[in-house]
Amino acid sequence: MEPQSPAESRGKLYLEGTPSADGGSFELLSVQPSGPDERQFPPETLIATVPLLDQVECFLSADSAANNGGHRPAGLLTGLLSGPVWDETLRRIRCSFVPGGAGSALLQEWNRQLFSAGGSQPTLRFAAGLSYRQEDGQVPEIMRIYTADTQVDPAGRGALLQAQNNLRTRERETQLIAQLQTDRKAMESLRESQEQLNGMAEETAKVRRLRAEMCRQLLDTALLSAQLPPAVAVRVRRQFSNRVFEPSELMDAIEDHRKLVSELIAGEPGESGGRIHAMYSSEDQISAAVHDLLRAQRPSGLAGLQPRRLSGIRELYTLMTGDYDFHGGYDPARAHFSLSADLPAILKNTLNKLVAQRWEELGANGYRWWEPVVTVEHFNNLQPISGILVGEISLLPSVAEGGSYVELGVKDSAETGAWSKYGGYLGLTIEMFERDDTLRLRQFPVKLATAGLRRLSALVAAVFLANEGKGPAMADGTPVFDAAKHHNLGMEALSGASWEAANQAVFDQPMLVAGAGDSPKLAIDARYLLVPRRLRLTAQRILYPALAWDAEYHAENLQRGLPGDVITCPEFTGADDWAAVADPALAPAIFVGERFGLMPEIYVADNQLSGALFTHDEVRIKARHFLSVFVTDHRPLFKANVAAG
């Protein structure tokens with residue numbers, strides 16, 4: 001409570017009202033005190049006091065009930081005064097009493113008893129404690145209002161005491177019911193805990209038996225792979241039989257015995273038996289078996305391993321998952337191999353090997369025709385590619401003795417490359433495994449590698465085929481091949497003369513230099529001749545004179561090329577169109593950007609316990625390819641679009 005200043009006096013403002021039958025809010029009116037020693041306040045002072053009454057807390061006063069053995073309900077919050085206004089007609093303050101707090105329940109019980117008895121309704125009085133300023137016997141200002149005491153008239157105090165006793169009895173009953181409910185929940189929780197303990201004991205026993213079986217299988221597989229001498233193998237088996245152990249403990253013991261055997265054999269004179277050179281885990285065994293099943297080249301570390309041969313993908317599926325009933329899941333109790341890698345992961349590694357093998361096989365047969373004419377760059381992000389080609393410096397300027405050097409201007413290519421994502425997935429259904437469709441599984445990576453290689457081939461070929469054979473538009477708004485602006489588009493059929501003209505056109509292209517004035521010539525001949533299959537022999541007779549029969553070809557002519565300089569582009573649609581490309585090591589023109597490699601990558605998005613294997617009965621193999629193919633410089637390129645004859 002704030003301290004009273006010497007200029008302040010204390011008093012009370014009284015408000016009275018009759019409670020409502022429903023125990024809710026009811027109206028109060030201010031009344032003047034009747035006691036001879038109590039201060040009365042003039043209307044103008046009461047009008048100024050109206051805002052101070054809003055939200056004043058009301059408490060049940062100590063004298064509101066008779067002595068009840070020392071148990072008085074003093075200090076209980078009964079509610080708040082709300083919405084005070086000045087009633088000019090009655091010349092009094094009017095406000096509402098809103099029940100609330102711990103004491104409101106007592107008032108409501110008291111009110112309920114009085115209404116049920118049918119007698120006259122007693123009046124509630126609220127005495128609001130206040131401090132006021134006094135001048136010459138008058139009260140010009142009420143300075144603050146503290147709290148209000150809730151007072152019950154003598155006629156209603158008996159009912160108030162009865163209400164208090166009823167609430168106390170009801171509270172004890174509520175506490176007793178709550179305690180009974182708490183005890184009941186505790187008993188139920190104790191019973192559930194006991195049931196859980198019993199269940200956990202059963203599960204623990206099952207897990208212990210499962211681990212013992214897994215350890216037995218691991219011991220059999222490890223000893224079979226280690227190929228220890230029989231006596232040593234029996235010793236190790238006796239050490240680890242009929243108990244649960246960690247795999248590392250078994251591996252360490254086998255390694256110790258292997259070293260001991262090697263040292264003993266190495267110390268014997270004369271010829272001795274074979275030495276142990278490598279140990280293989282269960283994962284190595286199944287990995288080598290899967291590589292052999294799908295006819296993929298094994299990893300180098302597994303070359304000498306002789307695993308058990310799998311009959312097909314049905315046996316692989318059941319051994320890895322334990323799903324002998326083909327429900328589409330993983331049963332660790334029936335799975336033959338206890339591995340850190342599951343079935344999808346083993347398949348992914350092997351199928352990626354098959355993709356790499358197929359990529360090399362197709363490349364050896366001409367599917368990678370584009371490799372000699374492009375520049376391949378690896379990028380670490382998928383930001384748009386720019387500034388890939390830096391211009392040339394035409395001539396070094398002279399520097400006078402004692403003179404300063406000048407900055408050399410370098411002009412960059414304005415061409416940019418955008419990334420494209422290609423891919424899809426193939427589903428290995430549970431029906432495929434059940435039918436033992438091994439041949440179909442072998443074909444999947446072959447088809448994926450072929451599709452990825454053909455996509456890359458089509459992207460590079462589009463440089464020569466897009467826009468009706470003129471190529472894509474460059475940063476200057478002109479197609480790659482243009483006779484008027486780029487001087488690299490012709491119409492002559494392939495011959496020794498037209499090939500020479502194409503070389504001359506590439507040779508005469510200006511260098512990409514900064515600044516005005518004449519630029520030096522590129523001074524590079526075209527090296528590669530790109531033709532459709534129909535013109536391959538014609539092109540070979542031009543670049544390889546040994547194949548020529550016409551007198552116009554000379555064995556030592558300057559047009560003679562190297563083996564591989566004639567390239568057959570399978571996508572060329574024009575029967576007589578051809579193109580010339582300079583060596584990209586000297587003048588790069590076509591760039592191939594790759595983010596995760598030129599070959600499409602294979603991902604397996606599922607595992608043995610979730611994903612599509614559970615919801616759709618299939619293992620999904622996804623292939624993904626991020627590529628960007630674009631032209632950075634038109635000058636090393638020449639194209640001849642020959643009209644159909």
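- Ion pair Glu249/Arg243 flagged as a salt bridge, since at least one NZ, NE, NH1 or NH2 atom sits closer than 4.0 Å to an Asp/Glu carboxylate oxygen.
- In this structure, the separation between CD on Glu195 and CE on Met200 is 14.0 Å, given to the nearest 0.5 Å.
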- Item | Residues Arg211, Glu246; criterion salt bridge (Lys or Arg N to Asp or Glu O under 4.0 Å); working and verdict | CA-CA 10 Å; Arg211 288 198 60 191; Glu246 294 297 325; 3.4 Å; yes
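- With contacts defined as side-chain heavy-atom distances shorter than 4.5 Å, the pair Leu456/Tyr422 does not qualify.
- To the nearest 0.5 Å, atom CE of residue Met251 and atom CZ of residue Phe245 are 8.0 Å apart.
- A donor-acceptor distance shorter than 3.5 angstrom exists from the side chain of Thr78 to the backbone of Cys58, with no hydrogens or angles considered.
- Here the shortest heavy-atom pairing between Met599 and Ala356 reads SD-CA, 3.6 Å.
- Between Gln217 and Glu213, the side chains place a donor N or O and an acceptor N or O closer than 3.5 Å (distance only, hydrogens not considered).
- Glu27 pairs by the salt bridge (charged side-chain N to carboxylate O under 4.0 Å, His left out) definition with Arg94, not counting sequence neighbours.
- Within a 6.0 Å radius of CG in Asn242, other residues, nucleotides and ligands contribute 12 heavy atoms or fewer.
- Between Cys95 and Leu15, the closest heavy-atom pair is SG-CD2, 3.5 Å.
- Leu28 has its side chain out of reach of Leu124: every pair of non-hydrogen atoms, C-beta onward, lies at least 4.5 Å apart.
- Looking at Glu202 and Asn198, their side chains never bring a donor and an acceptor atom within 3.5 Å of each other.
- Within the 3.5 Å criterion, the main-chain N or O of Val98 finds no donor-acceptor partner in the side chain of Ser25.
- Across Val56 and Tyr146, no two heavy atoms sit closer than the pair CG1-O, 3.7 Å.
- Smallest separation of non-hydrogen atoms from Lys421 and Phe626: CD-CZ, 3.2 Å.
- In plain terms, the two heavy atoms of Trp419 and Gly593 that are nearest each other are CZ3-O, 3.4 Å.
- Contact check for Pro33 versus Lys12: no side-chain heavy atoms found under the 4.5 Å cut-off.
- Gln134 and Arg39 share a donor-acceptor pair across their side chains, judged by distance under 3.5 Å alone.
- Under the 4.5 Å side-chain criterion, counting only non-hydrogen atoms from C-beta, Gln32 is in contact with Leu46.
- Between Phe97 and Phe126, the distance from one ring center to the other falls under 6.0 angstrom.
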- Apply side chain to side chain donor-acceptor pair (under 3.5 Å) to Ser96 and Ser82, showing your working. CA-CA 5 Å; Ser96 296; Ser82 176; over 6 Å; no
- Take Ile177 and Gln181, measure what side-chain contact (heavy atoms from CB on, under 4.5 Å) needs, and give me the verdict at the end. CA-CA 6 Å; Ile177 293 173; Gln181 292 177 344; 3.8 Å; yes
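- Residues Val50 and Pro84 have side chains in contact (heavy-atom distance under 4.5 Å, counting atoms from C-beta outward).
- With sequence neighbours excluded, the residues forming a salt bridge (charged side-chain N to carboxylate O under 4.0 Å, His left out) with Glu88 are Arg91, listed by chain and number.
- Using a 4.5 Å heavy-atom threshold, the side chains of Val31 and Arg125 count as touching.
- Atom OG1 of Thr49 and atom CD of Glu141 lie 8.5 Å apart (nearest 0.5 Å).
- Taking 4.5 Å as the limit, some side-chain heavy atom of Leu29 sits within range of a side-chain heavy atom of Leu90.
- Remark: Asp87 CG to Ile93 CD1 distance equals 10.5 Å, nearest 0.5 Å.
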- Could you please spell out the steps behind the side-chain contact (heavy atoms from CB on, under 4.5 Å) verdict for Val631 and Met474? CA-CA 8 Å; Val631 178; Met474 302 191 70; 4.0 Å; yes
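- We find the NZ-CG distance between Lys185 and Asp183 to be 11.5 Å, quoted to the nearest 0.5 Å.
- Contact check for Arg216 versus Asp220: side-chain heavy atoms found under the 4.5 Å cut-off.
- Scanning all heavy atoms of the two residues, the minimum distance from Pro19 to Gly17 falls at CD-O, 3.8 Å.
- Remark: Arg624 is positioned above the aromatic ring of Phe596, its terminal NZ or CZ atom under 6.0 angstrom from the ring centre and at most 45 degrees off the axis.
- Here the two rings, on Tyr132 and Phe41, have centers that are under 6.0 Å apart.
- If you take CD on Glu57 and OG1 on Thr150, they are separated by 11.0 Å, rounding to the nearest 0.5 Å.
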